[in-house]
Amino acid sequence: MSTTEHQIFTFLVAFGFLMALAILVLLFRVTAPYGRHTRPGWGPLLSARTGWIIMECPGVLMFGACFLSGGPKSVGAWVLALLWELHYVHRTLVFPFRIRERGKRIPLVIVASGVFFNLINGYLNGRYLGVYASAYSLDGLSALRLFGGSFIFVVGFVLNMHADRILLSLRKPGEQGYKIPHGGLYRWVSCPNYLTEIIEWAGWAIAAWSLPALFFLVWTMANLVPRAHAHHRWYRTQFPDYPANRKALVPFVF
Ligand code: NDP
């Protein structure tokens, strides 16, 4: 990495952490206007499926291109890259085709901000792994972090798909409304899809043990903690029979 690129890289990481804090505060005040929180006044709209594909594909491509740059890769770096691509290929090419999107729209501004974030995040994490890949050795504490973190990631990934599947099976073909989800982690929380997404990236951050990976985890939490709070409040106002002991995101706590 040249000195100039290193300066830009360091600036982006530092700026990213500050932005995550700002986003956390902002999203508790203004809920991101997509899905059940869609409302007029947010500009042009795209179909939800197209929006998800456009928004997530930089996560696959930018990360992949940056990872492949730099020197030879260790096994540890390949493990991290494969886990990342597993998530993003699923989110780009599988998830959008499973949503019941008839009539569902997403504001262009949300898609554009998702693209912007995924470009920066893909660059930071891909480039870090691409350049420092040889540092991931497979002995001692490094191996424990790598395999422990990867295990947590895989558990989060499987539970995330399960939580998404429960939501996506609530509507019959042609239906557009909302129902109370049951089963799995929905017994305890309103948004297990968000909880398990956070678990995934916490696992990846432990495995990668880098500032860009920590930035991604913090950013994910800054997005999903306020959104879980908003979803939970929304369920409670929409469904008088909503399970009283269910929390928003963390069982028994929040
Ligand atoms: P939501 O839970 O809002 O919605 C997921 C899908 O399920 C949507 O198609 C939604 O329809 C449908 N759905 C949700 N609840 C119900 C219900 N009660 N009844 C019927 N259908 C329902 O999740 P998001 O769209 O916000 O996120 C999708 C995935 O992306 C999640 O796994 C999340 O973790 C991940 N994500 C990750 C982020 C990150 O920063 N890493 C940021 C945002 C999302 P509709 O669209 O009509 O509401």
### Task
Check step by step if side chain to side chain contact (heavy atoms under 4.5 Å, CB included) holds for L185 and N193.
CA-CA 9 Å; L185 294 170; N193 51 344; over 6 Å; no
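- Looking at residues two or more places apart in sequence or on another chain, you find a ring pair (Phe, Tyr, Trp, His ring centres under 6.0 Å) between F63 and W84.
- Under the rule for a side chain to side chain contact (heavy atoms under 4.5 Å, CB included), the partners of R91 that lie at least two apart in sequence or sit in another chain are W52, E56, H87, F95, N160, D164, E197.
- Put simply, CG on L83 and CH2 on W201 are 8.0 Å apart, with the number rounded to the nearest 0.5 Å.
- The shortest heavy-atom contact between I166 and G183 is CD1-O, 3.8 Å.
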### Message
Before you tell me yes or no, could you show the steps for L159 and I199 under side chain to side chain contact (heavy atoms under 4.5 Å, CB included), namely the whole-Å CA-CA distance, both residues' side-chain angles and the distance that decides it to 0.1 Å?
### Response
CA-CA 9 Å; L159 292 177; I199 290 173; 5.6 Å; no
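- Note: L146 CG to L80 CG = 5.5 Å, rounded to the nearest 0.5 Å.
- For the atom pair CZ of F157 and CZ of F153, the computed distance is 6.5 Å after rounding to the nearest 0.5 Å.
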### Message
Show, in sequence, the C-alpha distance, side-chain angles and deciding distance for W204 and F216, and conclude whether the ring pair (Phe, Tyr, Trp, His ring centres under 6.0 Å) test is met.
### Response
CA-CA 9 Å; W204 202 85; F216 185 19; 7.2 Å; no
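- The side chain to side chain contact (heavy atoms under 4.5 Å, CB included) check on F97 picks up R49, I53, with sequence neighbours excluded.
- Rounded to the nearest 0.5 angstrom, S169 OG and R165 CZ are separated by 8.5 Å.
- At least one donor-acceptor pair under 3.5 Å links the side chain of T10 to the backbone N or O of H6.
- Checking side-chain atoms of R246 against main-chain N and O of W188 turns up no donor-acceptor pair under 3.5 Å.
- Residues I110 and P107 meet the side-chain proximity criterion, which asks for heavy atoms closer than 4.5 Å.
- The two residues Y186 and P192 have their closest heavy-atom pair at CE2-CD, 3.2 Å.
- Under the 4.5 Å side-chain heavy-atom criterion for Ile, Leu, Val, Met, Phe, Trp and Tyr, L86 and L61 are members of the same hydrophobic cluster.
- Put simply, M1 and L68 are part of the same group of oily side chains (I, L, V, M, F, W, Y) that touch within less than 4.5 Å, one to the next.
- S190 and Y242 are linked by a side-chain donor-acceptor pair at a separation below 3.5 angstrom, with hydrogens and angles left out of the test.
- Of all heavy-atom pairs between P243 and H182, the closest is CG-CE1, 4.5 Å.
- P251 and K247 get closest at one heavy-atom pair: C-CG, 4.5 Å.
- Residues V225 and L249 are in side-chain contact: their nearest non-hydrogen atoms beyond the backbone lie under 4.5 Å apart.
- When all heavy atoms of K73 and G130 are compared, the closest pair comes out as NZ-O, 3.3 Å.
- Partners of W78 under the ring pair (Phe, Tyr, Trp, His ring centres under 6.0 Å) rule, at least two apart in sequence or in another chain, are F67.
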### Task
Decide side chain to side chain contact (heavy atoms under 4.5 Å, CB included) for R105 and S47; before the verdict, give the C-alpha distance in whole Å, the side-chain angles of both, and the deciding distance to 0.1 Å.
CA-CA 5 Å; R105 298 276 180 270; S47 94; 3.9 Å; yes
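- Scanning both residues, V13 and P212, for their nearest heavy atoms gives CG2-CG, 4.5 Å.
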### Query
Hey, mind stepping through L214 and W209 against side chain to side chain contact (heavy atoms under 4.5 Å, CB included) and telling me if it holds?
CA-CA 8 Å; L214 181 62; W209 210 248; over 6 Å; no
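- Under a 3.5 Å cut-off, the side chain of K172 and the backbone N or O of L170 do not form any donor-acceptor pair.
- The local environment of CZ in F116 is sparse, with at most 12 non-hydrogen atoms from other residues, nucleotides or ligands closer than 6.0 Å.
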Got a list of side-chain donor-acceptor pairs under 3.5 Å for residues 15-32, not counting sequence neighbours?
none

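- I106 is listed as a side-chain neighbour of M55, based on a closest heavy-atom distance under 4.5 Å.
- For the pair Y178 (side chain) and R36 (backbone), a donor-acceptor distance under 3.5 Å is present.
- Cluster membership for I206 and V154, using ILVMFWY side-chain heavy atoms within less than 4.5 angstrom, is shared.
- Residue pairs meeting the side-chain hydrogen bond (donor to acceptor under 3.5 Å, both in side chains) criterion with at least one partner in residues 116-127, sequence neighbours excluded, are E5-Y123, E5-R127, S69-R127, Y88-N118, N121-N125.
- The distance from the CG atom of L45 to the OG1 atom of T38 is 8.0 Å, given to the nearest 0.5 Å.
- The number of heavy atoms from other shown groups lying within 6.0 Å of NE2 (H162) does not exceed 12.
- Between the side chains of R227 and Y194, a donor-acceptor pair is found at a separation under 3.5 Å.
- Counting heavy atoms from C-beta outward, F147 and L138 have side chains that approach closer than 4.5 Å.
- Clustering ILVMFWY residues whenever any of their side-chain heavy atoms sit less than 4.5 angstrom apart, transitively, puts V250 in the very cluster that holds L217.
- In terms of modelled atom types and a separation under 3.5 Å, the side chain of R98 and the main chain of L168 share no donor-acceptor contact.
- Note on W234 and Y34: separate hydrophobic clusters, where clusters join Ile, Leu, Val, Met, Phe, Trp and Tyr whose side-chain heavy atoms are under 4.5 Å apart, directly or indirectly.
- Here the straight-line distance linking atom CG of L129 with atom OH of Y132 works out to 11.5 Å at 0.5 Å rounding.
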